Amino acid sequence: VYIIYISIPQENIRLKRGTNIYLLPTKNSTIFFVADRTIEVKKLKSRYEYIKILLPNEKIGWIRRDDVKN
């Protein structure tokens with residue numbers, strides 16, 4: 001499983017300061033982290049208006065597409 005995981009190309013994206021990071025890709029999901037600065041994360045997959053990300057501390061969460069910094 002790990003070999004498959006590392007062989008899948010992952011896109012790096014930057015989150016805006018103040019981005020809410022959710023446990024699930026739903027409107028009423030619990031916020032478990034708020035970005036206090038611009039953070040570079042790995043994009044894992046997308047679902048509707050949410051993006052699944054891998055944080056630098058190896059935690060996984062979901063953000064809204066609008067919170068990606070251009």
Side-chain angles (χ1 to χ4, degrees):
V1 174
Y2 181 71
I3 293 172
I4 293 171
Y5 171 76
I6 62 171
S7 67
I8 297 171
Q10 297 174 347
E11 177 184 352
N12 287 334
I13 58 174
R14 292 171 56 109
L15 305 183
K16 296 177 185 175
R17 183 175 184 242
T19 296
N20 293 327
I21 301 173
Y22 302 93
L23 290 176
L24 299 170
T26 60
K27 188 176 185 178
N28 297 325
S29 180
T30 301
I31 298 169
F32 78 90
F33 183 74
V34 178
D36 59 350
R37 57 185 163 75
T38 300
I39 300 174
E40 188 167 309
V41 298
K42 294 192 184 302
K43 177 181 175 182
L44 300 178
K45 68 178 186 177
S46 299
R47 183 174 184 190
Y48 306 113
E49 73 265 9
Y50 293 91
I51 299 172
K52 188 175 186 177
I53 60 165
L54 177 65
L55 294 163
N57 63 2
E58 301 297 318
K59 292 187 179 182
I60 295 175
W62 293 85
I63 61 164
R64 297 182 61 84
R65 287 186 190 274
D66 301 342
D67 291 323
V68 175
K69 188 173 185 176
N70 293 331

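FYI, the numbering just counts along the sequence from 1. The structure presented is a predicted model; accordingly, all values stated were derived computationally and were not measured.
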Test of understanding: with side chain to side chain contact (heavy atoms under 4.5 Å, CB included), list the residues that count as partners of Arg37, not counting sequence neighbours.
Ile39
Passes side-chain contact (heavy atoms from CB on, under 4.5 Å), Arg65 versus Tyr48? Steps please.
CA-CA 9 Å; Arg65 287 186 190 274; Tyr48 306 113; over 6 Å; no
Taking atom CD of Glu11 and atom NZ of Lys43, what is their separation to the nearest 0.5 Å?
5.0 Å
Does the side chain of Leu15 reach to within under 4.5 Å of the side chain of Val41, using non-hydrogen atoms?
yes
Asn57: which residues meet the side chain to side chain contact (heavy atoms under 4.5 Å, CB included) condition with it, sequence neighbours left out?
Leu55, Lys59
All side-chain hydrogen bond (donor to acceptor under 3.5 Å, both in side chains) counterparts of Tyr50, not counting sequence neighbours
Arg64
Minimum heavy-atom distance between Ile13 and Ile53, given as atom pair plus value:
CD1-CG2, 4.1 Å
Less than 3.5 Å apart, which donor and acceptor atoms pair up between the side chains of residues 27-34 and the rest of the protein, not counting sequence neighbours?
| residue | atom | partner | partner atom | Å |
| --- | --- | --- | --- | --- |
| Ser29 | OG | Leu23 | N | 3.4 |
| Ser29 | OG | Leu24 | N | 2.9 |
| Ser29 | OG | Leu24 | O | 3.3 |

Using atom types as modelled and distance alone, determine if a side-chain donor or acceptor of Lys16 lies under 3.5 Å from a backbone N or O of Asp66.
yes
Single-linkage hydrophobic cluster, 4.5 Å side-chain cutoff, Ile51 and Tyr22 together:
no
Is any side-chain heavy atom of Asn20 closer than 4.5 Å to a side-chain heavy atom of Ile63?
no
Contacts of Asn12 meeting side-chain hydrogen bond (donor to acceptor under 3.5 Å, both in side chains) (sequence neighbours excluded), chain-then-number -> Glu40, Lys42
Quick one: side chain to side chain contact (heavy atoms under 4.5 Å, CB included) partners of Arg17, sequence neighbours excluded?
none
